[in-house]
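Below: the structure, in structure tokens.
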Amino acid sequence: MIRFILRRLLSGVILIFVISTVAYLLLYLGGGDIARRILGQSATAATVAQKAHALGLDQPLFVQYGQWLSHAVTGSLGSSWFTSQPVTAAITSRLSVTLSLVIGATIISAIVSVILGVLAATRRGWVDRVVQIFTILGFAIPGFLVALALVTVFAIDLKIFKPTGFVQFATSPGGWAATVTLPIIALALGGIAGVTQQIRGSVIDALRQDYVRTLRSRGLSNTRVVYKHVLRNAGGPALAILAVQFVGLFGGAVIIEQIFAIPGLGQVAVIATTQGDIPLVMGLVVATAIIVVVVNLIIDLLQGFLNPKVRLS
Amino acid sequence: MTQAMPLQGPTLTVAEEERSARISLFRRLLKNPSGLVAMIFLALIVLSAILAGVITSADPNAASLQDVLAHASAAHPLGADSAGRDVLARLLYGSRFSLAGALVTLVVAAVIGVTSGLIAGYFGRWFDSVSSWVAGLVMALPGFVVLLAARAVLGPSMWLAMGIFGVLISPAFFRLVYASVSAVRNELYVDAARVSGLSDARIIARHIFTVVRAPIIIQAAMITGIAIAIQAGLEFLGLGDTNVPSWGSMLNDGFANIYKNPTLLLWPALAIALTSVALTLLANAMRDELERSSGSKKRRGATKRAQVLVEHELVVSHPDDARTEAALGEELLRITDLAVGYDQADGSVTTVVNDVSLVVRRGEVHGLIGESGSGKTQTAWSILRLLPDGGRVVGGSIFFEGKDLAKASEKEMTALRGKKIAYIPQEPMSNLDASFTIGSQLVEPMRVCLGLSKKEATARALQLLARVGIPNPERTFTAYPHEVSGGMAQRVLIAGAVSCNPDLLIADEPTTALDVTVQAEVLDLLRELQSELTMGVVLVTHNFGVVADLCDRVSVMRNGRIVETGPVRTIFAQPEHPYTQSLFEAILEDGDAREPLQDTPSVETIVLETIGKGASK
């Protein structure tokens, strides 16, 4: 088991290294005259050269990258070109906000999709048809449109929730709930659609397996067999989809945070993107890569827990 | 010229076939309600994008201070936005850019994904592993974050952004094509084409591309929908090109003015949502139609079988001989005129078992023998009321302990199963849940049926494992199913079946999947347990050796009916029905009646081979 984790961690580190290298080369090679962009068109050539020297941009690319990497492994990702705030601080201060949205949406979509997927697979008939239509709509309609509809109806017309803002959970759990409910629903819908489809399909497959008949022949009720045995066997593929959704939600959160004016990573990302704040963009790419690796590691461990064959190989 | 003629001939017919296949899918889509609606809507969107300049004379980018946030009027049919620009014109010209942007994504993704998928799937080798690794890497990245990073460097170009998104989403095509191609690559007809001297390019074009074409079209519809949504998302964030009228930038403007004029939000939102939904519906409708075309063949086959079943056949019933008369016990199970049917998609019912009647007494083993598809397993499952999806008892009665199981509720059946009627399946490995230990699968039913504590049930499970001849019960108890051999797994299943002291045991070919030497041991075990617990047994088999070994009575089944029934000795000595006689002749020709491999060599050999392969892993 420990060897399994170590091997996964190693491949994760390699993945982060490859992504950050490629991202660094693309960002710094494609960035053009960065010092000129920071200072604007009115700056003199001398000040531009001075700025370039201060940022280390006059050195060869591989030297720059080596410096960046040696700092990165100690946890320092440089400073923003525009606010001079350390990148690590800018990201970590916003990370918890985005994570609370993304994790909330993942938990909700996991719970709702298990219920809907199992219902559709075991009841079939009209229940199945309604769930199918819902998943098609949930998949097709972009999450941010759902968010816009939710804001218009529940926050602006009905005034049940606040349209914008964010309250830390530690400050006021009630206030937190009031501000994150709509964003989490908007984020979760797409995930629910995808995971429900997966669970429905794999439960239908699992129900056809021989061992289901044998377990039922031993006097176990259908409900017990479905929720204990079938779901556990159907869980593997569903978890894999959930992991993909989780990573995808970080992209979705960028737009959702903008709509609800939530101060998360998404806002940092949009500002950094429009300004061309390369160190910050680079930091975001690295942070996302780390999250992807961690999430995949957790999913792998859960897969091992669900399926004893995975554990051994 | 003359040499080219014969080559051209077949090429033309293949092309024609392909065209007709495409046309028939298109025609079927026209008959599919959601497919038709989706296609009409998409056609309207495309038309309005092309004819934008004809439909409205307004300039989508012409700002006018007098018209800021104007309501609907003759000049502005849908009103004007915060800069006084005509909403209808922006909507129509916006659809141009949305569709064109999505097309860029689609083309980039298809070119990269399909070609790399074809190469990796067809030629394999190093390109296979490298491209699969890259595809995995690209899939792992959140696309939106990459798009933002690219925008930071490359500036606001919609075409570039959509092209990059095409690269990011190309693994969707790659995986699809790769999976289909590597599945087809080693098919015999592809080998045949290679042997007959066709070039790789030709084989790919003619044999492989036809396989993946339909899934690619479906995937393309999905990806177009996603691309439209992603583009709208970028524009909505204000990261797009401000000079280009687009649905996303209209959303942005509408959201900024949501308190002043909410309808500004409504039109672009509707356009995006409806287009995405239409594309998804179209993809789903195409998938449904493709699946239905393969399903309809199955239905045709089934109706043919139903017609065969209409023939009436004579049941030859032999009286008890001295041996079976002496052993007459309490009647456990009485099946009368049982019919089992499967509901078909068109509302009809296909029967697989007809007019089956049999009686099983305590302490008696009743064999059901017949070739595959004769309905013996269906009969066995209907006693447990565990027929597969769509199957049910459509006639007759199954009386057990004075209760008609054909009419019993699911709750009553759950109470009977395990405790009164137990079941031993055919294939040991697939009948154990691979995710749970063998022990937990034995303990759980005993706790439910017998109300034992965990400790008591564990002790009993260990006893049972020892009883069925498992050398190290503790180790097997904690093992997972894939860690034991097929013979061991079958013993575990037998232990599970008898764990709650059932009165009636349904054994469905309990030895078919086992090694010949193990078969004899398992038959011995069954015989011992049966007399120890004085159970009635329904034994399903296709092997006369097993019948001679274990059974008191036997019923010969064919095409869902019993054709001959009686005491084992009578049937072996004087088979009267021509079918029974033909079964015996088939065995006698090859000599040894107890050699299962010669009975139905093909199936047996395959099963034994698979077990052998499984064991050698």
Side-chain angles (χ1 to χ4, degrees), chain A residues 15 18-19 23 26-27 30-31 136-137 139-142 144-145 148-149 151-152 156 207-211 213-222 224 229 232-233 244 247-248 250-252 254-255 258-259 269-270 272-278 281 284-285 288-289 292 296 306-309, chain B residues 137 139-145 148-149 151-154 225 229 232-233 236-239 251 255 258-259 262 265 269 272-273 276-277 279-281 284 381 384 386 388-389 410 414-415 417-419 422-423 425 427 430-436 441 444-445 448-449 480 482 493 496 499-500:
Chain A
L15 184 78
V18 170
I19 290 178
L26 289 180
L27 286 173
I136 289 176
L137 291 180
F139 174 81
I141 299 177
F144 66 96
L145 282 187
L148 288 175
V151 169
T152 316
I156 292 175
L207 279 173
R208 291 200 190 112
Q209 299 297 311
D210 287 342
Y211 67 82
R213 185 185 308 112
T214 300
L215 285 168
R216 290 186 62 197
S217 82
R218 302 266 172 83
L220 301 183
S221 70
N222 199 21
R224 195 187 175 102
H229 294 271
R232 179 147 171 184
N233 281 281
V244 174
V247 172
F250 277 90
V254 173
I255 308 186
Q258 206 70 6
I259 292 173
V270 172
T273 303
T274 35
Q275 289 180 333
D277 196 342
I278 303 293
V281 173
L284 285 166
V285 170
T288 326
V292 168
N296 283 326
L306 282 178
N307 185 349
K309 277 187 204 165
Chain B
L137 180 78
M139 289 286 264
L141 293 171
F144 210 78
V145 175
L148 291 182
R151 160 67 170 74
V153 180
L154 302 171
F236 173 74
L237 286 177
L239 299 176
L251 270 185
F255 188 57
I258 190 167
Y259 289 98
L265 200 57
I272 298 164
S276 302
V277 170
L279 283 164
T280 313
L281 280 180
N284 271 298
W381 285 345
L384 287 153
L386 288 176
D389 251 5
E410 188 49 43
T414 304
R417 284 183 206 127
K419 212 168 171 182
Y423 167 70
E427 179 66 50
S430 66
N431 277 286
L432 287 167
D433 183 345
S435 304
F436 289 82
Q441 291 180 63
E444 193 188 355
V448 172
C449 294
Y480 283 94
H482 66 272
L493 285 163
S499 65
C500 302

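In what follows, every chain begins at residue 1, and chains take the letters A, B, ... in the order their sequences are listed. Source: prediction; values computed, not measured. What's counted below: heavy atoms across the whole structure, side chains too, no hydrogens, waters or symmetry copies.
- Both the backbone and the side chain of B:L493 come within contact range of chain A, judged by heavy atoms closer than 4.5 Å.
- With a 4.5 angstrom heavy-atom cutoff, B:L265 touches chain A only via side-chain atoms.
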Where do A:R232 and B:D433 land on the side-chain contact (heavy atoms from CB on, under 4.5 Å) test, with the steps shown first? CA-CA 10 Å; A:R232 179 147 171 184; B:D433 183 345; 5.9 Å; no
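- If you measure heavy-atom distances from A:V244 to chain B, you find no contacts under 4.5 Å at all.
- Only the side chain of B:D389 comes within less than 4.5 Å of a heavy atom of chain A; its backbone N, CA, C and O stay farther away.
- Of the two parts of B:C500, neither the backbone nor the side chain holds a non-hydrogen atom closer than 4.5 Å to a non-hydrogen atom of chain A.
- Judged as a salt bridge (Lys or Arg N to Asp or Glu O under 4.0 Å), and not counting sequence neighbours, the contacts of A:R216 are B:E410.
- Using a 4.5 Å cut-off between heavy atoms, B:A415 does not touch chain A at all.
- In this structure, chain A has heavy atoms under 4.5 Å from both the backbone and the side chain of B:V277.
- For B:F236, the ring pair (Phe, Tyr, Trp, His ring centres under 6.0 Å) partners two or more places apart in sequence, or in a different chain, are A:F144, B:F255.
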B:V448/A:R224 under side-chain contact (heavy atoms from CB on, under 4.5 Å): CA gap, chis, key distance, verdict: CA-CA 10 Å; B:V448 172; A:R224 195 187 175 102; 3.7 Å; yes
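- In this structure, the portion of B:L239 lying under 4.5 Å from any heavy atom of chain A is its side chain and not its backbone.
- For A:I19, the part sitting under 4.5 Å from any heavy atom of chain B is the side chain, from C-beta outward, and nothing else.
- The side-chain heavy atoms of A:N233 and A:Q209, taken from C-beta on, include no pair separated by under 4.5 Å.
- Residues A:P142 and B:I272 have side chains in contact (heavy-atom distance under 4.5 Å, counting atoms from C-beta outward).
- Looking at A:L145, only its side chain comes within 4.5 Å of chain B, counting heavy atoms on both sides.
- Contact tally against chain A (heavy-atom pairs below 4.5 Å) for B:L279, B:L384, B:L432: the top residue is B:L432.
- We find the OG1-CZ distance between B:T414 and A:R218 to be 15.0 Å, quoted to the nearest 0.5 Å.
- B:W381 contributes atom CH2, which lies 9.5 Å from atom CG of B:L386 (distance to the nearest 0.5 angstrom).
- Within the 4.5 angstrom heavy-atom criterion, atoms from both the backbone and the side chain of A:V254 approach chain B.
- If you measure heavy-atom distances from A:S221 to chain B, the contacts under 4.5 Å come from both the backbone and the side chain.
- Considering CD of B:E444 and SG of B:C449, their distance stands at 10.0 Å, rounded to 0.5 Å.
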